[in-house]
Amino acid sequence: MTFPYQEFAREKMPALLADLKDLIAIDSVRNMDLATPEFPVGPGPVKALEKFLALADRDGFQTANIDNYAGVVTFGQGNQELGVAVHVDVVPPDEGWSQDPFTPWVKDGRVFGRGTSDNKGPALAAYYALLALKEAGFQPKKKISLIIGTDEETDWVGMKYYLQKRPAPDWVFSPDSSFPIVTGQAGLAVLKTDFIGKEATGLTLESFFAGQATNMIPAAATAVVSGENLEKIAAAFPDFLAKKGLTGEIKETASENGNCLKISLEGVSAHASVPWEGKKRGLPPGQLLTGLSFHRPG
């Protein structure tokens with residue numbers, strides 16, 4: 001059996017891009033502040049799941065919504081099952097976007113927007129591959145299930161719930177990362193650190209902020225310090241920026257403990273699985289103040 005898949009791809013490209021833009025336009029960041037029994041990880045991921053299932057219903061596939069935790073698009077019949085695991089939740093958009101990340105745009109042949117590559121774009125590519133098989137009249141000997149999760153970026157709540165309700169596929173792959181396929185990825189460790197010890201100087205780290213989720217390398221970091229030697233820190237800052245190739249600013253502010261320095265740095269955001277694609281952000285304030293110890297206020 002032969003099928004002109006390249007011609008099919010060219011023909012379907014406008015429809016695929018329209019579907020992708022509709023999906024990206026849905027802010028599907030997990031929001032546990034708005035979580036309810038109806039919206040297990042917040043309304044955004046559920047809206048994206050419902051949209052994806054609606055696309056499959058439109059094209060005549062069998063679909064199922066697993067209590068708003070996950071969904072499945074089924075093609076073919078058989079005692080054995082091939083699973084294609086995708087997800088529609090996204091990492092919170094960090095600073096540095098030139099346009100609204102949930103209003104997708106096309107530039108130089110590329111689609112820009114939160115979720116284009118992780119994972120709404122690859123999910124739709126896998127879906128349109130199923131559609132190509134369906135429109136070609138292909139009859140698989142095994143069941144193919146496109147399984148759609150809603151919480152891959154955080155705790156895998158969607159897939160865990162799916163596996164409580166349905167058996168695991170006999171084979172599974174996930175089109176989520178570099179094209180065309182990834183055969184393995186590092187594990188995930190989330191560490192919480194408390195800094196304790198004797199005060200070595202008169203400096204206090206008032207606050208430190210970087211990033212919005214545990215699986216992202218943030219594009220910006222901000223630290224506020226008070227106490228002694230603030231002039232020394234301010235004087236060292238321009239040279240530090242030049243050596244590290246970063247941009248940032250340092251300015252005086254005030255807190256309950258008196259005068260402070262607010263240190264802000266900007267780099268390049270990246271996914272936590274590939275931190276080398278970012279550029280030394282998050283760490284620089286600590287590097288700048290190497291050798292100076294802090295105590296926590298209060």
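A distance-only check finds no donor-acceptor pair linking the side chain of Asn119 to the backbone of Pro122 [under 3.5 Å]. The backbone N or O of Gly42 lies less than 3.5 Å from no partner atom in the side chain of Asn31, so there is not a single donor-acceptor pair. Of the possible donor and acceptor atoms, none in the side chain of Thr204 sits under 3.5 Å from a partner among the backbone N and O of Glu206. A donor-acceptor pair under 3.5 Å is formed between the side chain of Ser174 and the backbone N or O of Ala85.
For Ala48 against Leu23, the heavy-atom pair with the smallest separation is O-CD2, 3.7 Å. Contact record, Trp97 with Gly113: CH2-C, 3.6 Å, taken as the closest heavy-atom pair. The two residues Ala56 and Thr63 come nearest to each other via the heavy atoms CB-CG2, 3.5 Å. Looking at every heavy atom in both residues, Lys160 comes nearest to Asp155 through NZ-O, 3.2 Å. The two residues Glu11 and Pro14 make their nearest non-hydrogen contact at O-CD, 3.5 Å. The shortest heavy-atom contact between Ala70 and Gly158 is CB-O, 3.8 Å.
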- Test Glu266 against Leu246 for side chain to side chain contact (heavy atoms under 4.5 Å, CB included), laying out the working first. CA-CA 6 Å; Glu266 295 182 4; Leu246 297 168; over 6 Å; no
Check step by step if side chain to side chain contact (heavy atoms under 4.5 Å, CB included) holds for Ile148 and His87.
CA-CA 5 Å; Ile148 308 152; His87 66 93; over 6 Å; no
Would you please test Gln77 and Gln62 for side chain to side chain contact (heavy atoms under 4.5 Å, CB included) and show each step? CA-CA 11 Å; Gln77 301 292 329; Gln62 179 182 347; 4.3 Å; yes
Q: Begin from the C-alpha positions of Phe75 and Leu131 and carry the test side chain to side chain contact (heavy atoms under 4.5 Å, CB included) through to its verdict.
A: CA-CA 9 Å; Phe75 177 56; Leu131 183 60; over 6 Å; no
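Under the side chain to side chain contact (heavy atoms under 4.5 Å, CB included) test applied with Ser28, the options Lys47, Glu153, Lys120 reduce to a single match, Lys120.
Between Val225 and Leu230 there is a side-chain heavy-atom pair separated by less than 4.5 Å. The closest side-chain heavy-atom distance from Pro92 to Val29 is below 4.5 Å. For the pair Lys51 and Asp22, the minimum side-chain heavy-atom distance is below 4.5 Å. Counting only heavy atoms from C-beta outward, the side chains of Pro104 and Phe112 never approach each other to under 4.5 Å. Residues Phe208 and Thr222 are not in side-chain contact: their nearest non-hydrogen atoms beyond the backbone lie 4.5 Å or more apart. Two residues are said to be in side-chain contact when any heavy atoms from C-beta on lie closer than 4.5 Å; Tyr162 and Val72 meet this criterion. Looking at heavy atoms from C-beta onward, Lys21 lies in side-chain contact with Val106 at the 4.5 angstrom threshold. Residues Leu265 and Phe237 form a side-chain contact, since some pair of their non-hydrogen atoms from C-beta on lies under 4.5 Å apart.
In Arg58, the CZ atom is crowded: over 12 heavy atoms of neighbouring residues, nucleotides or ligands sit closer than 6.0 Å. Applying the 6.0 Å contact sphere to CD of Glu50 captures more than 12 heavy atoms from other residues, nucleotides or ligands. Counting non-hydrogen atoms of neighbouring residues, nucleotides and ligands closer than 6.0 angstrom, the CD atom of Glu7 reaches no more than 12 such neighbours.
Between Glu81 and Arg166 no salt bridge is recorded (no basic side-chain N to carboxylate O distance below 4.0 Å). Residues Asp151 and Arg30 are paired through a salt bridge, judged by an N-O separation under 4.0 Å between the basic side chain and the carboxylate. We find that Asp100 and Arg114 are not joined by a salt bridge, their nearest charged nitrogen and carboxylate oxygen being 4.0 Å or further apart. In summary, Lys134 and Asp59 do not engage in a salt bridge, as defined by a charged side-chain N under 4.0 Å from a carboxylate O.
Between Tyr128 and Phe8, the distance separating the two ring centers is not shorter than 6.0 angstrom.
Between Phe240 atom CZ and Ile250 atom CD1 the span is 10.5 Å, to the nearest 0.5 Å. Rounding to the nearest 0.5 Å gives a distance of 9.0 Å between OG1 of Thr74 and CG of Leu146. Tyr69 OH to Gln164 CD: the interatomic distance, rounded to the nearest 0.5 Å, is 8.5 Å. From Gln80, atom CD reaches atom CD1 of Ile144 across 12.5 Å, with rounding to the nearest 0.5 Å. The CD1 atom of Ile147 sits 7.5 Å away from the CG atom of Leu163 when rounded to the nearest 0.5 Å. Summarising the geometry, atom OG1 belonging to Thr116 is positioned 7.0 Å from atom CG belonging to Leu20; distances are rounded to the nearest 0.5 Å.
Both Ile233 and Leu241 sit in one connected hydrophobic cluster of ILVMFWY residues. Membership requires side-chain heavy atoms under 4.5 Å apart, directly or through other members. No path of Ile, Leu, Val, Met, Phe, Trp and Tyr side chains, each step under 4.5 Å between heavy atoms, connects Met13 with Trp105, placing them in separate hydrophobic clusters. Linking Ile, Leu, Val, Met, Phe, Trp and Tyr whenever their side-chain heavy atoms come within less than 4.5 Å leaves Ile26 and Val46 in two separate clusters. Hydrophobic cluster membership is shared by Val86 and Leu16, with clusters built from Ile, Leu, Val, Met, Phe, Trp and Tyr side chains linked at under 4.5 angstrom. Hydrophobic clustering (ILVMFWY, side-chain heavy atoms < 4.5 Å, transitive): Tyr161 and Phe39 are in distinct clusters.
Of the N and O atoms on the side chains of Ser264 and Glu249, not one donor lies less than 3.5 Å from an acceptor on the other residue.
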